[in-house]
Number of protein chains: 2
Amino acid sequence: MPSPDRKISESTVRRLSAYLRSLEALEASGAEMASSGELARRAGTTAPQVRKDLSTFGSFGKRGLGYPVVPLIGSLEAILGLTREWRVALLGAGRVGAALHTYPFFRERGFRIVAIFDNDPEKVGLRWDDTTIRHIDELESVLAGEAVEIAILTVPAAPAPALADRVVRAGVGAILNFAPARLELPPHVVVNEVNLAMELELLSFALTRSEPR
Amino acid sequence: MPSPDRKISESTVRRLSAYLRSLEALEASGAEMASSGELARRAGTTAPQVRKDLSTFGSFGKRGLGYPVVPLIGSLEAILGLTREWRVALLGAGRVGAALHTYPFFRERGFRIVAIFDNDPEKVGLRWDDTTIRHIDELESVLAGEAVEIAILTVPAAPAPALADRVVRAGVGAILNFAPARLELPPHVVVNEVNLAMELELLSFALTRSEPR
DNA sequence: CTTGGGTTGTGAATCTATTCACAAGCGGGC
DNA sequence: GCCCGCTTGTGAATAGATTCACAACCCAAG
Ligand SMILES: NC(=O)c1ccc[n+]([C@@H]2O[C@H](COP(=O)([O-])OP(=O)(O)OC[C@H]3O[C@@H](n4cnc5c(N)ncnc54)[C@H](O)[C@@H]3O)[C@@H](O)[C@H]2O)c1
Ligand SMILES: NC(=O)c1ccc[n+]([C@@H]2O[C@H](COP(=O)([O-])OP(=O)(O)OC[C@H]3O[C@@H](n4cnc5c(N)ncnc54)[C@H](O)[C@@H]3O)[C@@H](O)[C@H]2O)c1
């Protein structure tokens, strides 16, 4: 047994997620075992890194053979918390919200969108699949009633910080934020920011540094 | 003068992007100077980190006073490569592509979407604002003709790697990839992956580790 | 002109992550 | 039963990023 709970770095968890995807591709192609080298190749990292990452959580492989694909998928799902359903709310029924709502990944991985909110009277009352868009005024009561655990913010930047405070006060423990606004929340809340500006600026920075030579 | 070009870490560049956004908020509120502490508070980091990051590129502040807001905005824009226009192509005119196309950030920051591609005959020929959706068969000729520098992949995972190869062969130097597929490209190509699964799994991992106590 | 509160810029120290190297283990062949 | 090729698991070494501490500096006030 390796260690019950020392601190795990974010990059390790991101790589676990990549290993899981690689293993699923391997499973689909019929492979029963996968070496750290094979996983590294598919996930875009190195073999020692794969072994180190996995060894943080246990001993999953067989020396001389590699890692058994199907059992390791199960282990990674357990580690990542994917063996249960998560109850998710979407705040902001705009373009990004709509793209997310139709994204099949959510269903497949057990992230269930159980509530959608907006403040536009034209949108409130519409149904997206089985879910009726509720007015943002009903936020607290619906979040409590639906036992929402994760909130996804796809509203404009201006209302985002106040809405984040509200969902946290209503008991939501994790937020995925697409709005370009910084959220200041108590440390027990898990926040993850997706910032398109940053991603593009990373590209323009790299191009600017490499092109002029 | 600090250093012409040693290796800059990705996290430094991401923070520069955050500082730029913070400075623009400060400018809007009329501030003329900003201390490293103030920038750190807004960008969610620490004051020494801000100073270290900026000192990588030069000496922008005045001791005792802080950093001059407007000049530093200009310097950061120059460092990040935002003082010129970038010619961008969108591959995949689906939901994510549509959300990106309407996102005002692109215009504001000089990322000009000059070409849109799809392989769905229903979509080819439609116009999104000024841009006609082209068939993916025309990829190479249009990319060359429009001198595209950055490609954004919003196609399904299956065709993504092959399309990435094609845009690189057509001279595109940077790719922002939304498809959950690993792209293997020559090292001079800048690739940035946006992976929603990873972002959500990071949340479920953190919730799983914190809740059961 | 000098003092003092405030802030930057940066080498050094610390902390964290990745890479390396290799002993330990597995199974197949003979 | 015993080698041999292959692969894991992991402590140690290296590399990298962040934090610290403080000299250098700026301006305003007296
Ligand atoms: N479009 C993109 O590609 C893109 C990319 C990255 C980030 N973002 C960010 O994601 C967010 C959403 O973008 P979008 O393109 O979907 O915008 P959008 O305008 O299409 O959707 C925003 C939705 O939020 C609703 N809304 C506004 N204020 C609200 C409030 N106080 N309470 C509840 N709902 C409210 C609006 O009615 C609208 O339906 C924005 O913050 C944007 O900056 C967008
Ligand atoms: N919807 C989301 O919220 C979301 C989130 C994260 C990632 N993604 C990923 O982004 C990508 C796009 O998602 P989407 O929801 O916009 O899907 P979508 O089906 O709405 O759009 C995909 C578009 O790509 C086009 N296309 C398919 N094959 C093509 C090819 N060979 N050449 C050119 N065009 C082709 C389709 O005609 C369609 O218009 C997918 O890879 C998806 O996994 C989606």
Side-chain angles (χ1 to χ4, degrees), chain A residues 1-19 22-23 26 31-73 75-76 79 202 205, chain B residues 1-19 22-23 26 31-73 75-76 79 202 205:
Chain A
M1 220 163 303
S3 62
D5 39 23
R6 48 165 181 275
K7 213 177 54 186
I8 313 294
S9 78
E10 178 174 319
S11 38
T12 298
V13 181
R14 299 190 106 94
R15 284 191 300 265
L16 292 183
S17 172
Y19 304 153
S22 306
L23 285 162
L26 282 161
E32 297 201 349
M33 300 294 284
S35 70
S36 55
E38 175 68 14
L39 282 173
R41 208 179 48 71
R42 290 179 179 254
T45 179
T46 65
Q49 183 77 79
V50 172
R51 298 202 295 277
K52 194 56 146 192
D53 285 339
L54 294 177
S55 79
T56 310
F57 297 94
S59 182
F60 303 103
K62 287 202 201 314
R63 291 166 196 238
L65 296 180
Y67 298 90
V69 171
V70 173
L72 185 53
I73 287 175
S75 301
L76 288 182
I79 291 165
L202 213 46
F205 173 83
Chain B
M1 224 162 299
S3 62
D5 42 16
R6 47 164 182 275
K7 215 178 55 186
I8 312 294
S9 78
E10 177 175 319
S11 36
T12 298
V13 182
R14 298 190 107 95
R15 285 192 299 266
L16 292 183
S17 173
Y19 304 153
S22 305
L23 285 162
L26 281 162
E32 298 201 348
M33 300 294 283
S35 70
S36 56
E38 175 69 13
L39 282 173
R41 206 179 51 70
R42 289 178 180 255
T45 181
T46 64
Q49 182 76 81
V50 172
R51 298 202 296 275
K52 192 65 146 185
D53 285 339
L54 294 177
S55 79
T56 310
F57 296 94
S59 183
F60 304 104
K62 287 204 200 317
R63 294 169 194 235
L65 295 180
Y67 298 90
V69 170
V70 173
L72 185 53
I73 288 176
S75 301
L76 288 182
I79 291 166
L202 212 48
F205 173 82

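None of these values were measured; they are calculated from a predicted model. Heavy-atom basis, side chains included; hydrogens, waters and symmetry copies ignored. Numbers restart at 1 for each chain; the letters A, B, ... are given by sequence-line order, proteins then strands.
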Heavy-atom pair with the smallest gap, counting every atom of B/A47 and B/A40: N-CB, 3.4 Å
What nucleic acid atoms does B/S36 come within less than 4.0 Å of, heavy atoms only: base, sugar-phosphate, or nothing? sugar-phosphate
Restricting to nitrogen or oxygen on both sides, can you table the protein-nucleotides 27-29 of chain C pairs closer than 3.5 Å?
none

Taking only residues two or more places apart in sequence or in another chain, which ones pass side-chain hydrogen bond (donor to acceptor under 3.5 Å, both in side chains) with B/R14? A/E199, B/E10
Taken to the nearest whole Å, CG/B/L72 to P/C/dT8 is 11 Å
Separation of D/dG9 P from A/F57 CZ (nearest whole Å): 14 Å
Do the side-chain N or O atoms of A/Y67 get closer than 4.0 angstrom to the phosphate oxygens (OP1, OP2) of C/dC26? no
Taking all non-hydrogen atoms of both residues, which atom of A/D53 and which atom of A/Y19 are closest, and how far apart? OD2-OH, 2.6 Å
Of B/R15 and A/G37, the one whose closest DNA chain D nucleotide lies more 5': A/G37
Rounded to whole Å, how long is the line connecting atom CE of B/M33 with atom C1' of D/dC25? 13 Å
Closest non-hydrogen atom pair between A/L23 and A/A34, with its separation: CD2-CB, 4.4 Å
Between atom CZ in A/R14 and atom C1' in C/dA17, what is the gap in whole Å? 16 Å
Within this structure, what is the CG-to-C1' distance between A/L54 and C/dA17, rounded to whole angstrom? 16 Å
Gap between atoms NZ and P, on A/K7 and D/dT18 respectively (whole Å): 13 Å
Using the 3.5 Å cut-off, write out each protein N or O paired with an N or O of nucleotides 13-15 of chain C and the distance between them.
none

If you compare all heavy atoms of A/F205 against all heavy atoms of B/I79, which two are closest, and at what distance to 0.1 Å? CD1-O, 3.3 Å
How many whole angstroms separate atom CZ of A/F60 from atom C1' of D/dT10? 15 Å
Result block: side-chain N/O donor-acceptor pairs under 3.5 angstrom for residues 61-69 of chain A, not counting sequence neighbours:
none

Measuring from atom CZ of B/R51 to atom CG of B/L39, what distance do you get when rounded to the nearest 0.5 angstrom? 11.0 Å
Any side-chain heavy atom of B/L54 sitting closer than 4.5 Å to one from B/L16? yes
Given side chains that start at C-beta, do those of B/R42 and B/L26 come closer than 4.5 Å, heavy atoms only? yes
Enter the distance from A/E38:CD to A/S22:OG here, rounded to the nearest 0.5 Å. 8.5 Å
Nearest nucleotide by nearest heavy atom, which residue falls closer to the 5' end of DNA chain C, B/G64 or A/T12? B/G64
Please give me every residue in residues 43-53 of chain A whose heavy atoms get under 4.0 Å of an atom in DNA chain C, ordered by residue number. A/T46, A/P48, A/Q49, A/R51, A/K52
Atom NZ in B/K52, atom OG1 in B/T12: separation rounded to 0.5 Å? 10.5 Å
Angle separating the five-pair end axes of the helix from C/dC1-D/dG30 to C/dC30-D/dG1, nearest 10°, is 10°
To the nearest Å, how far apart are B/I8 CD1 and D/dG16 P? 13 Å
